[in-house]
Asker: 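Let me give you the structure first, and then I'll get to my questions.
Here is the naming used below: chain letters follow the sequence lines, and residue numbers restart at 1 for every chain. Quantities reported herein were computed from a predicted structural model and do not represent experimental measurements.
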There are 2 protein chains.
Amino acid sequence: MKQKPVDTVEFAKAIADETRQKIMAICCCELLSVNDIVDKTNVAQPTVSHHLKILKTAGLVRSERHGKQVLYTLNQERMAEGCCQVAENFAPEHPVELVD
Amino acid sequence: MKQKPVDTVEFAKAIADETRQKIMAICCCELLSVNDIVDKTNVAQPTVSHHLKILKTAGLVRSERHGKQVLYTLNQERMAEGCCQVAENFAPEHPVELVD
DNA sequence: TTGACATATTGAAGAGTATCGATATAATAT
DNA sequence: ATATTATATCGATACTCTTCAATATGTCAA
């Protein structure tokens, strides 16, 4: 069940920032507006928008406009693909069970 | 079977570079000297040493001195841990089978 | 201990990135 | 149309990182 292969460098760069990982954690299982994320992170709104754009470009968040707001949520499937690809490339002898 | 938890930001930063991923791929399943890596990457020796240090600090390579040479190899187990931790944090609803 | 080889460290230049104030764009309501 | 709210973009600053030449350190052989 192979999908389109992930660019592991782009994937790693996208998640290689503390602020971005905070944002990712916050909107992992929720659909949140930009302002919601601003409130929960104490990061300025332009900074949040900037990080969301990076995550979006990497395919790691989905977004939809609802009226004035734009709601974002983490694309867990794509996250899983990225992790898989990294593990396949760099841990081929250590296949790993991610299920808890 | 939980080990010491991985700092996912440090992990992501360590692998978030094209040159480093080249090095990681090259010494994934082999024990290579710094010069071997230099030859296979066309990257200057100080640059290779620099990247190896970053990977070492993150625990992603092991090294042992053999005479004049220092041999490096990717720590696949730690790579797998890093991938697991990222997936657990950011793809909790998408448990993933990494086994081919 | 001298010379040769292998790797690590230093120092500097350039590229890239994070951050945020100011401002522009978008959507809605009055 | 105008005001209000929400988000995106711009521009500047500061910081971090990559890269490599030069040099230092470490190892071994003669």
Asker: Can any side-chain N or O of A:Thr47 pair as donor or acceptor with the backbone N or O of A:Val43 at less than 3.5 Å?
Answerer: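 Not a single qualifying donor-acceptor pair exists.
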
Asker: For the side chain of B:Glu64 and the backbone of B:Leu71, is there at least one donor-acceptor N/O pair under 3.5 Å apart?
Answerer: no

Asker: Is the phosphate of D:dT19, meaning OP1 or OP2, less than 4.0 Å from a side-chain N or O of B:Thr19?
Answerer: yes

Asker: Out of D:dT18, D:dC20, C:dA18, which has the shortest distance to the side chain of A:Ile54?
Answerer: C:dA18

Asker: Tell me whether the side-chain N/O atoms of A:His66 come closer than 4.0 Å to OP1 or OP2 in D:dA6.
Answerer: no

Asker: Whole angstroms only, please: what is the CG-C1' distance between A:Leu55 and C:dA18?
Answerer: 14 Å

Asker: Would you say a side-chain N or O of B:Arg20 is under 4.0 Å from OP1 or OP2 of D:dT18?
Answerer: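 B:Arg20 to D:dT18 OP1/OP2: side-chain N or O found under 4.0 Å.
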
Asker: Has B:Glu81 got a side-chain atom pairing as donor or acceptor with B:Val6's backbone, closer than 3.5 angstrom?
Answerer: no

Asker: By nearest heavy atom, map A:Gly67 and A:Lys13 onto DNA chain C; which one lands nearer the 5' end?
Answerer: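 Checking each residue's closest nucleotide, the 5'-ward one belongs to A:Lys13.
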
Asker: Specify the separation, in whole Å, of atom CD of A:Glu64 and atom C1' of D:dA8.
Answerer: 18 Å

Asker: List, with names and distances, any nitrogen or oxygen atoms from the protein found under 3.5 Å away from nitrogen or oxygen atoms belonging to nucleotides 3-10 of chain C.
Answerer:
{"from": "C:dT7", "atom 1": "OP1", "to": "B:Val34", "atom 2": "N", "distance (Å)": "3.2"}
{"from": "C:dT7", "atom 1": "OP1", "to": "B:Val70", "atom 2": "N", "distance (Å)": "3.3"}
{"from": "C:dT7", "atom 1": "OP2", "to": "B:Asn35", "atom 2": "N", "distance (Å)": "3.0"}
{"from": "C:dT7", "atom 1": "OP2", "to": "B:Asn35", "atom 2": "ND2", "distance (Å)": "3.1"}
{"from": "C:dA8", "atom 1": "OP1", "to": "B:Tyr72", "atom 2": "OH", "distance (Å)": "2.6"}
{"from": "C:dA8", "atom 1": "OP2", "to": "B:Ser49", "atom 2": "OG", "distance (Å)": "2.8"}
{"from": "C:dA8", "atom 1": "N7", "to": "B:Gln45", "atom 2": "NE2", "distance (Å)": "2.7"}
{"from": "C:dA8", "atom 1": "N6", "to": "B:Gln45", "atom 2": "OE1", "distance (Å)": "3.1"}

Asker: With a non-hydrogen cut-off below 4.0 angstrom, is B:Val48 in contact with a base, only sugar-phosphate, or nothing?
Answerer: nothing

Asker: Can you check the B:Asn42 CG to D:dT19 C1' distance for me, whole Å?
Answerer: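 For the pair B:Asn42 CG and D:dT19 C1', the rounded distance is 14 Å.
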
Asker: Starting at atom CG of A:Asp17, determine the distance to atom P of C:dG16, rounded to an integer number of angstrom.
Answerer: 17 Å

Asker: Are A:Asn89 and A:Gln85 close enough that a side-chain donor and a side-chain acceptor fall under 3.5 Å?
Answerer: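 Result is yes, a qualifying pair exists.
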
Asker: Using a strict 4.0 Å threshold on nitrogen-to-oxygen distance, state whether A:Glu10 and A:Lys13 make a salt bridge.
Answerer: no

Asker: Looking only at the side chains, is there a donor atom on one of B:Glu30 and B:Thr73 sitting less than 3.5 Å from an acceptor on the other?
Answerer: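 Distance-only check fails for B:Glu30 and B:Thr73.
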
